[in-house]
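Take a look at the structure set out below.
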Protein chains: 4
Amino acid sequence: MSSPTIHGIIGYTITPFSADGQRVDLDALGRSIDRLIDGGVHAIAPLGSTGEGAYLSDAEWDEVSAYSLAKIARRVPTIVSVSDLTTAKAVRRARYAEANGADVVMVLPTSYWKLSEAEIIAYYAAIGDSIGVPIMLYNNPATSGTDMSVDLILRIIKQVANVTMVKESTGDIQRMHQLHRHSDVPFYNGCNPLALEAFAAGAKGWCTAAPNLIPQLNLALYEAVLANDLTQARELFYRQLPLLDFILKGGLPATIKAGLRLTGLEAGDPRLPVFPLGETGIEHLRKMLTTV
Amino acid sequence: MSSPTIHGIIGYTITPFSADGQRVDLDALGRSIDRLIDGGVHAIAPLGSTGEGAYLSDAEWDEVSAYSLAKIARRVPTIVSVSDLTTAKAVRRARYAEANGADVVMVLPTSYWKLSEAEIIAYYAAIGDSIGVPIMLYNNPATSGTDMSVDLILRIIKQVANVTMVKESTGDIQRMHQLHRHSDVPFYNGCNPLALEAFAAGAKGWCTAAPNLIPQLNLALYEAVLANDLTQARELFYRQLPLLDFILKGGLPATIKAGLRLTGLEAGDPRLPVFPLGETGIEHLRKMLTTV
Amino acid sequence: MSSPTIHGIIGYTITPFSADGQRVDLDALGRSIDRLIDGGVHAIAPLGSTGEGAYLSDAEWDEVSAYSLAKIARRVPTIVSVSDLTTAKAVRRARYAEANGADVVMVLPTSYWKLSEAEIIAYYAAIGDSIGVPIMLYNNPATSGTDMSVDLILRIIKQVANVTMVKESTGDIQRMHQLHRHSDVPFYNGCNPLALEAFAAGAKGWCTAAPNLIPQLNLALYEAVLANDLTQARELFYRQLPLLDFILKGGLPATIKAGLRLTGLEAGDPRLPVFPLGETGIEHLRKMLTTV
Amino acid sequence: MSSPTIHGIIGYTITPFSADGQRVDLDALGRSIDRLIDGGVHAIAPLGSTGEGAYLSDAEWDEVSAYSLAKIARRVPTIVSVSDLTTAKAVRRARYAEANGADVVMVLPTSYWKLSEAEIIAYYAAIGDSIGVPIMLYNNPATSGTDMSVDLILRIIKQVANVTMVKESTGDIQRMHQLHRHSDVPFYNGCNPLALEAFAAGAKGWCTAAPNLIPQLNLALYEAVLANDLTQARELFYRQLPLLDFILKGGLPATIKAGLRLTGLEAGDPRLPVFPLGETGIEHLRKMLTTV
């Protein structure tokens with residue numbers, strides 16, 4: 001399977017809600033997508049962790065998925081997160097995303113019960129068999145509760161033909177080293193404060209919600225790496241690190257939505273039980289956004 | 001708020017599926033409930049982890065909830081698990097369960113994003129405010145990804161009036177010691193291989209799926225504790241420990257459903273991505289069931 | 001090899017130092033040993049963690065070992081901790097203890113470099129081969145950095161004939177369950193706040209420094225277990241639990257030495273870098289000692 | 001205090017033993033030191049983890065320390081590891097090293113009992129007060145059992161004037177980011193497979209035993225970083241990564257001594273309980289050394 005060339009800065013969308021939190025605000029979603037593209041991201045990933053995909057009803061998920069893909073309209077490649085608690089539901093989402101034009105689907109093995117390795121492989125195989133677009137395997141034990149070892153990831157890649165990319169979000173750079181040593185699968189970094197080192201280690205891209213707020217710095221870091229200028233990359237990384245640390249620690253939906261509001265795009269609050277960013281955090285974020 | 005007297009052996013139901021996995025098999029569910037009651041359990045808990053509540057659609061969840069409560073028909077007290085990924089959805093389930101006759105609802109702070117302590121407290125408060133029946137707070141980091149400290153649990157009890165019971169499933173007996181030292185809240189054990197020690201430490205009940213298979217042994221252990229006969233309790237515990245270890249390690253839906261099938265009650269398989277028990281496991285379980 | 005019957009309350013000695021911390025105070029050591037025996041302990045363990053064995057020079061270690069064994073004079077059985085950083089040094093200590101009359105030696109696999117299972121087995125074998133008295137294998141990852149699985153412990157027991165007892169200090173009751181299920185080796189509890197449950201699970205003894213301060217309560221708990229009176233055992237356990245939690249959290253050398261001082265036996269302070277108990281802690285301990 | 005300029009590749013010495021393991025082989029030690037200097041290392045660190053300092057008697061430690069410093073004879077700066085289990089012993093070693101010409105001493109808070117933050121600070125202060133040379137603070141929870149947070153490290157630097165350098169061996173790059181964000185203390189990497197990323201993040205040096213075997217590759221990586229050539233640095237890093245992974249996983253004393261033997265320098269085996277490298281490992285190492 002020939003993959004689209006996914007590389008560089010891959011921007012994650014939020015899912016804006018109405019003021020009462022009951023409805024998705026598609027208009028605000030559209031404007032946030034345009035911002036990302038205007039900011040220069042190389043690809044867009046709707047409905048990821050940042051997009052609160054886990055907190056949407058099936059109907060809302062479909063609505064956001066279809067709208068996002070239509071709005072992006074192939075201006076950049078798209079990667080839609082389709083994970084769900086049962087295999088059947090994840091397959092349904094994957095097919096829906098493909099039918100609506102997704103270039104790639106991203107799959108995290110979410111589960112209530114801890115899955116065995118055989119169960120994880122079968123989960124990927126079931127999704128892979130049901131679609132014709134590539135899968136970006138996504139490892140993020142902090143949210144999924146499941147940590148896939150590099151060995152397991154390599155076995156999935158071998159057994160499921162359309163798993164052709166890996167997004168690693170453990171923050172453990174050794175995982176990327178092992179992927180590089182034992183395979184030529186392109187890997188992408190999903191841990192914001194690891195951006196510099198992941199690129200140093202050869203990551204092909206950076207999956208991040210940060211371009212909603214600081215696209216120029218994100219892009220400049222990537223460009224410094226492409227230009228083989230480590231000194232410049234390091235300087236750019238440390239300039240944006242306080243904000244990267246902040247959005248990781250504060251939670252992506254809460255901090256990104258607060259940052260959008262601070263910069264003129266009202267996207268509502270995260271859905272409960274997740275809190276919006278508190279006063280102190282907003283003030284801190286405002287200062288960071290005006291000084292970076 | 002006066003709690004119903006929840007104590008002793010609290011049996012968890014499975015959710016039987018049709019052979020193709022698409023539908024809930026209510027008839028089999030009814031028979032499994034009658035088995036638990038005939039076996040002598042002191043209370044029944046539908047839609048817990050064992051009941052694959054996380055893998056049901058909302059419509060299925062409602063159907064199983066209403067049917068279970070009607071079938072139990074107050075023969076024993078009921079505790080319905082109502083956790084869901086958003087506060088709004090958990091509130092809806094809690095109200096539905098209450099409206100259909102649940103004596104208690106059980107709440108686990110499931111979330112995709114890791115919750116702060118303030119977010120967890122607000123989650124319990126929102127559910128508590130919306131219903132008139134007691135809440136059994138449920139701590140199980142292995143499935144929820146959130147570990148509530150004893151200190152946090154005690155603050156929730158203080159702030160949310162109808163949180164009046166605690167189910168502890170970490171398997172760490174020191175949590176029960178601290179609950180006992182610093183509060184008089186009744187606590188219940190949710191870790192099967194800790195049954196003996198939890199009772200020794202003063203647990204008021206044991207939340208377990210084991211009575212689907214070995215109700216006599218579960219009840220006899222509780223009765224030995226009530227009779228202050230530690231020697232007998234220890235002997236009974238070690239007799240059932242291999243099976244308790246087995247169902248924990250093999251996964252409750254898979255092992256309990258396999259055990260029901262082995263004893264004449266066809267309840268289908270767990271929903272994918274969870275696998276049914278494999279051949280070796282079934283053979284091992286068969287031997288254990290015939291020799292305990 | 002026939003083991004001495006080690007059971008019940010096994011009291012750990014502290015190592016008293018002179019006011020300047022430079023010398024061992026053998027006179028105070030002798031009085032602390034007499035206290036333990038007068039208190040009714042069933043065995044004494046010199047030079048354990050509480051005894052600051054790791055902080056003594058070789059000459060001091062020999063002095064304390066020989067003096068303790070002479071002072072105990074077989075009034076109760078003795079278990080001398082002989083662990084050291086190299087195999088050669090541990091063998092030397094084991095031989096020295098045996099030559100001076102130790103009934104049992106206790107061995108913890110201390111090491112700077114993390115040991116493989118083969119290295120741990122060889123360590124026990126080398127010590128076992130060099131002495132004629134039994135070894136109590138000691139598992140305590142919190143101090144040694146090495147956590148021996150139950151499977152490894154069972155292999156050591158099988159391969160090294162004079163490893164005939166296990167002291168488990170992980171605080172994980174499941175380890176004791178597994179030892180009980182898969183072997184008939186007597187196991188002893190080394191985690192103070194697990195005392196009740198370890199006895200419930202069948203532990204043959206409790207290795208503890210608490211009898212330096214509250215021997216009656218420690219002994220009464222054991223006697224309640226022997227009398228098959230779980231209710232009484234639970235009541236006695238919860239009475240002493242605050243003190244057991246306190247000495248574990250505050251560090252055994254600091255809290256036990258402070259408690260001895262409060263009860264009239266001056267034993268000096270722990271050796272630096274370990275601090276003596278602070279003012280607040282001393283006040284708290286004083287209250288606990290007068291009210292238990 | 002003005003620090004010597006410690007930077008670049010800091011080579012760690014092994015401690016060679018005679019064939020029977022009883023004596024230190026000073027002649028072999030001298031040759032291994034000459035090798036390191038001939039290889040081009042920028043500094044030498046005797047008696048670190050690789051040097052089995054923890055397994056030497058006091059007399060041996062003094063002998064190795066004095067001999068190493070005399071042999072190096074200020075051809076490169078020296079950093080002597082002086083950690084010991086008591087404060088008094090660590091102070092003695094620090095003074096001894098300074099008296100024998102060490103430029104810097106390295107201090108790891110080794111302890112049998114887990115130390116509080118106040119105890120750790122006092123430990124560093126006591127050593128700092130007793131010497132006139134700078135201290136490199138060393139954080140390595142894998143061997144010491146104590147993990148110092150960045151916050152604690154920064155407080156130590158503030159309170160103890162001659163703690164002027166930090167060696168970080170957790171392998172967690174975020175620690176280096178935080179040191180960089182909140183201080184201008186030079187930091188050094190002690191985790192071999194993190195060499196590339198630590199330099200990318202601004203580490204001033206790499207503390208490593210690898211130059212005993214592959215000094216050219218180690219130095220070339222550092223030089224590529226100085227030359228701002230990330231592409232070259234990455235390529236050089238991945239070339240040596242298999243060996244770096246191997247010596248970390250196999251244990252430094254065992255693998256480095258085996259590698260020295262393979263390359264013509266007989267340095268004996270590690271001291272028991274640490275095993276020498278096994279046959280398979282030796283064969284694997286031989287291949288790596290001939291192909292890198």
Side-chain angles (χ1 to χ4, degrees), chain C residues 17 20-22 48-60 81 83-91 107-127 140-146 248-254 270-276 278, chain D residues 17 20-22 48-60 81 83-91 107-127 140-146 248-254 270-276 278:
Chain C
F17 295 116
D20 64 2
Q22 307 277 9
S49 304
T50 308
E52 299 176 68
Y55 301 127
L56 302 179
S57 71
D58 282 346
E60 288 172 334
S81 299
S83 311
D84 208 335
L85 279 164
T86 65
T87 303
K89 286 179 168 185
V91 163
V107 176
L108 177 78
T110 50
S111 183
Y112 181 86
W113 286 97
K114 194 169 161 51
L115 300 179
S116 68
E117 298 204 339
E119 287 169 329
I120 294 171
I121 294 172
Y123 182 73
Y124 277 98
I127 299 172
N140 189 353
T143 54
S144 71
T146 298
L248 179 69
K249 194 179 159 196
L252 292 174
R271 272 202 172 147
L272 290 173
V274 178
F275 278 3
Chain D
F17 295 116
D20 64 2
Q22 307 277 8
S49 304
T50 308
E52 299 176 69
Y55 301 126
L56 302 179
S57 71
D58 283 345
E60 289 171 333
S81 299
S83 311
D84 207 334
L85 279 165
T86 67
T87 303
K89 286 181 168 182
V91 164
V107 175
L108 176 78
T110 49
S111 183
Y112 182 85
W113 287 97
K114 192 171 161 49
L115 299 179
S116 70
E117 298 202 339
E119 288 169 331
I120 293 171
I121 294 172
Y123 182 73
Y124 277 97
I127 299 171
N140 190 352
T143 53
S144 72
T146 298
L248 179 70
K249 195 180 160 197
L252 294 173
R271 273 203 171 147
L272 292 172
V274 178
F275 278 3

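Chain identifiers are assigned alphabetically (A, B, ...) following the order of the sequence lines, protein sequences preceding nucleic acid strands; residue numbering begins at 1 within each chain. This one's a predicted model, so the numbers in the text were calculated from it and none came from an experiment.
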Atom group of [X] that falls short of 4.5 Å from chain C, counting heavy atoms:
| X | value |
| --- | --- |
| D/L252 | both |
| D/A126 | neither |
| D/I121 | neither |

Correct closest heavy-atom pair for C/W113 and D/S49 would be NE1-O, 3.1 Å
Region of [X] in contact with chain D, defined by heavy-atom distances below 4.5 Å:
| X | result |
| --- | --- |
| C/Y123 | side chain |
| C/I127 | neither |
| C/L85 | both |

For C/V274, does its backbone N or O pair with a side-chain atom of D/E119 as donor and acceptor, under 3.5 Å?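 Flag not set: sc D/E119 to bb C/V274 has no pair under 3.5 Å.
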Would you compute the distance between atom CD of D/E52 and atom OH of C/Y112 and round it to the nearest 0.5 angstrom?
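Here the interatomic distance stands at 11.0 Å.
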Say you draw a straight line from OH of D/Y55 to NZ of C/K89; how long is it, rounded to the nearest 0.5 Å?
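That separation rounds to 11.0 Å.
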**Asked** Looking at C/G251, C/A88, C/A118, which has the largest count of heavy-atom pairs under 4.5 Å with chain D?
**Response**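 Winner by heavy-atom pair count: C/A118.
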| query | Do you know which of D/P273, D/S111, D/A54, D/G21 has the most heavy-atom pairs under 4.5 Å to chain C? | reply |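 Looking at each option in turn, the highest pair count goes to D/P273.
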